[in-house]
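Working notes for the structure below.
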Amino acid sequence: MEWNEYRMDKIKRYLTERKKSYFLNATIFVLIFIIVIFIFGPPRYYVVPILSMIIGYGSVEFVGYKLWKKDKF
């Protein structure tokens, strides 16, 4: 088995074994985005808040994956 296939198998196992739901997390992020728009008003450019949410969610997932990998392997 190649290294890349082995890595993808670990990622697939992580995604199937994780406790959190993608739908739940996506819903929470959208709700937070809408609440922030209601509180502070609509931003001039929507690219920055959307990219910051994607980067924030990605970093949380990356840390969760690293912790899972440390515990499992």
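Computation of the quantities below employed the complete heavy-atom set of this structure, encompassing side-chain atoms and omitting hydrogens, waters and symmetry-equivalent molecules.
- Partners of I34 according to the side chain to side chain contact (heavy atoms under 4.5 Å, CB included) rule, which considers only residues two or more places apart in sequence or in another chain, are V30, F38.
- For the side chain to side chain contact (heavy atoms under 4.5 Å, CB included) test, residues two or more places apart in sequence or in another chain that qualify with I54 are I50.
- For V36, the side chain to side chain contact (heavy atoms under 4.5 Å, CB included) partners two or more places apart in sequence, or in a different chain, are I32, F40.
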